[in-house]
Each structure stands twice: as C-alpha cells, then as structure tokens.
Amino acid sequence: MRKRVFSGARPTGRQHIGNYLGAIQNYVKLQDEYDCIYCVVDIHALTSMQDTSELQSNIHNIALDWIAAGMDPERSIIFVQSHVPEVMELHTFLSMVTPLSWLLRVPTFKEKVKLQPENVNYGLVGYPVLQTADIILYKAEVVPVGEDQLPHLELAREIVRRFNFQFGDTFPEPKAKLTSFPLILGLDGENKMGKSSNNTIELALSDKETTEKVMTAVTDPARQYRHDPGHPEICNIYRLHNYFNPAETDSIAEQCRTAKVGCVDCKKLLAERINAALAPFRERRAALAADPQQVKDVLADGARRARVIARETISEVRQRMGLI
Ligand code: SF4
C-alpha cells in the first residue's frame, strides 16, 4: 500500500518561479510514489489576512497553477482546507491536549508577533495545532518539509504522541520527507522570492511581462559598466540560469568574468529560457482558465474525497475521547 503524503500552501495569489522550483515540482514528483493530498490552506491565511476580498480569486489562481503544473486531480486529492470543516473540529480536540507553553515558544509565532503587533490573534498561537490537524485528519504518514520546517513537524509529532498516550493509538506519527528546497532569491537579489517582498516572477505572466520583469533584476552590484568583469557566483541572474538554462551556465560564467557578455544580453537570454521552459505550463493554464468551472469541479471533488477520510477519522476520535 502506498503511503499518504500531506502538504499545503497558503492562497497568497498566483504562484511564482520560487514556488515552482521550491515546492510545486516536488509535489508533482511525489505523486509517482505516494498517495498525495494537497490542500489550499485558506483558514491558515486568515491568521494574517484582515482583508479577504481577494481570497477566492487567490484560491482559484493557486489551484490553476497547481493543476497546470502537473498536480493531477485524478491521482491526488486537491482541495481547499475550509471545504472540509472536520479539520476545525479536530483542531479543537487537539487544542485540549496541547500545552500552551509548547505553542508560545514556537519561533514563527514570535516572529509573527513582531511582524503584525496590531493583530496578535488567537489563531496565530494555535497555528501549529491546526497544522497538525491538517496532517493527521487524513492519517498522512509523510510530510515533505525543508530543514527550516522540521521543528514544526516535531511539534506535530509531540501532539500526536500526547493524544495517543491519553486516548490510545489513533494517529500515525507523521514523518518528515526532508527535501532540499532551493532558496530562490527574488528580483532584488537579496530576499527570498515572495509576494510580500514584491520581487517575484509569476508563472502565469506572458512572455513579454516575464522579459520585462527579468530586465529589472539586480545583478552583480560590482559590475557597473559593460566592460567591467562580472562575478557570476554572486549574481542572481546566473543562479536562475542554473535552473532554466543549465546547458549554458559554464559558458555564461566564463563570458561574464571576461566581460564578453553584458548583463542586458544575459538577462534577455534568461528570459527566453524561462519562457521556453514555462510555455507548456502556460498553455495548459490558459486552457484551464478559460473554463473556471473545471477548477471548481476539481476542488469540489477533492473536498468530497478528503471528507470521506475526514469523517471516518473524526468518528474514531470522538469515540476515543468519550464523546460518543
Ligand atoms: S553577465 Fe549575467 S551573470 Fe554576469 S553579472 Fe551580468 S547578469 Fe550576472
């Protein structure tokens, strides 16, 4: 029997090449080996989103990007977190076995307190409990994580152990599938590519928009004039060539160091390669976008299938906890 994988992403809008290289390509690959459950975690988004007017379009866009990129609704369950309300019930049950001290020491909670001091809501503290509920509601055994997320998964495992100790073996302890997510820097060349840093190249841009964005990217700051030799090892454009144009990286490095190529031409070449690599994705995405009902149907079917598992788990949990 194949093991079950769970992973989720917050609906922050259209996905960018950082998401693509870091998570989406991995999600697609995992489908060959595991039964995968992929969730758009809209309830998590509410912990830091006070204006929800774009939430529905963000959910639609992330689903479009995922499916167009090869996350296959026939093989995987793709759904929206809030469409399976049992997760909130399990979150409440798990909150009864999770000591507050465990949650208050979570580094990301402390960071969020600093980031949004005007909105330190109860949901922020309980975020890891809801994350645990996300995973174990489906009895997922495997969670793909980067090294930085290991402490979160360890907390989930502690919550599971505590529940199982108190109420009997109910949940498998989810294990990390350590994945080396490459750190993709944004167009500013400094910060991780992300919507909040406004430094992204979105997957769904047109070829022209992609080229325009790439042309604004920061390169080697020491290379001020065309005849200055460059330092590809510190240039973000060069790093992106490694992903989208691996066959030419040696030659680009040599031409950069000897000033045989200028940054403008180097960026144009990168934009061409990105556009070529994303062309099949963009074609599939455009076809899907033309029929919004198709994505709605995928998410509804995903929620229906997820709910079958969720209801079974909740019924077992209620019995274990003496609620039935
Ligand atoms: S030539 Fe290319 S690799 Fe070299 S600094 Fe310019 S953009 Fe970067």
Side-chain angles (χ1 to χ4, degrees), residues 9 12-29 61-62 65-66 68-70 144 146-149 178-286:
T12 49
R14 295 198 296 183
Q15 300 283 279
H16 51 73
I17 62 173
N19 303 127
Y20 182 67
L21 298 171
I24 297 174
Q25 283 190 330
N26 187 41
Y27 286 165
V28 173
K29 259 192 251 150
N61 275 313
I62 193 171
D65 286 334
W66 279 2
E147 201 140 350
D148 57 327
Q149 294 159 317
L178 203 56
T179 311
S180 57
F181 294 115
L183 174 65
I184 307 298
L185 296 182
L187 293 168
D188 53 14
E190 275 180 26
N191 300 301
K192 187 177 166 184
M193 190 175 283
K195 201 178 177 195
S196 56
S197 301
N198 195 24
N199 63 1
T200 62
I201 303 170
E202 291 169 347
L203 296 171
L205 294 178
S206 66
D207 288 5
K208 185 168 170 278
E209 288 166 331
T210 302
T211 307
E212 283 166 3
K213 283 242 179 177
V214 171
M215 297 314 283
T216 66
V218 173
T219 63
D220 169 10
R223 192 174 187 201
Q224 295 198 349
Y225 300 102
R226 169 69 181 78
H227 57 262
D228 290 339
H231 305 84
E233 61 283 355
I234 58 163
C235 174
N236 195 32
I237 291 293
Y238 182 69
R239 279 187 212 114
L240 290 173
H241 270 292
N242 273 290
Y243 294 109
F244 289 99
N245 186 21
E248 288 180 275
T249 47
D250 288 348
S251 141
I252 290 166
E254 194 272 325
Q255 292 186 61
C256 171
R257 288 196 183 97
T258 52
K260 280 189 201 140
V261 68
C263 293
V264 170
D265 287 337
C266 188
K267 287 177 177 178
K268 277 187 190 157
L269 180 62
L270 174 66
E272 272 172 34
R273 295 293 182 265
I274 293 176
N275 287 332
L278 294 181
F281 161 85
R282 286 173 175 165
E283 207 175 304
R284 282 194 297 270
R285 194 187 195 280

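Counting starts at 1 for both ligands and their atoms, in listed order. All values reported here derive from a predicted model rather than from experimental measurement.
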Nearest-neighbour protein heavy atom for atom 7 (S) of ligand 1, which is reported as residue plus atom name and distance: Thr219 CG2, 3.5 Å

Enumerated ligand 1 atoms positioned under 4.0 Å from heavy atoms of Cys235: 3 (S), 5 (S), 7 (S), 8 (Fe)

Ligand 1 contact on Arg223 by region, counting heavy-atom pairs under 4.0 Å: side chain

Subset of ligand 1 atoms that lie under 4.0 Å from at least one heavy atom of Tyr238: 3 (S)

Under 2.8 Å: N/O/S of Cys263 next to atom 6 (Fe) of ligand 1: yes

Taking atom 4 (Fe) of ligand 1 as the reference point, the nearest protein heavy atom with its distance: Cys256 SG, 2.3 Å

Proximal atoms of ligand 1 relative to Ile237 (non-hydrogen, under 4.0 Å): 7 (S)

Over all atoms of both residues, closest heavy-atom pair of Asn191 and Asn199: O-ND2, 3.4 Å

For atom 2 (Fe) of ligand 1, the protein heavy atom that lies nearest, with its residue and separation: Cys266 SG, 2.4 Å

Shortest non-hydrogen contact between Val261 and Cys256, atoms and distance: CG1-N, 3.8 Å

Parallel, tilted or perpendicular: rings of Tyr20 and Phe281 (30°, 60°): tilted

Considering all heavy atoms, the nearest Gln15-Trp66 contact: OE1-NE1, 3.8 Å

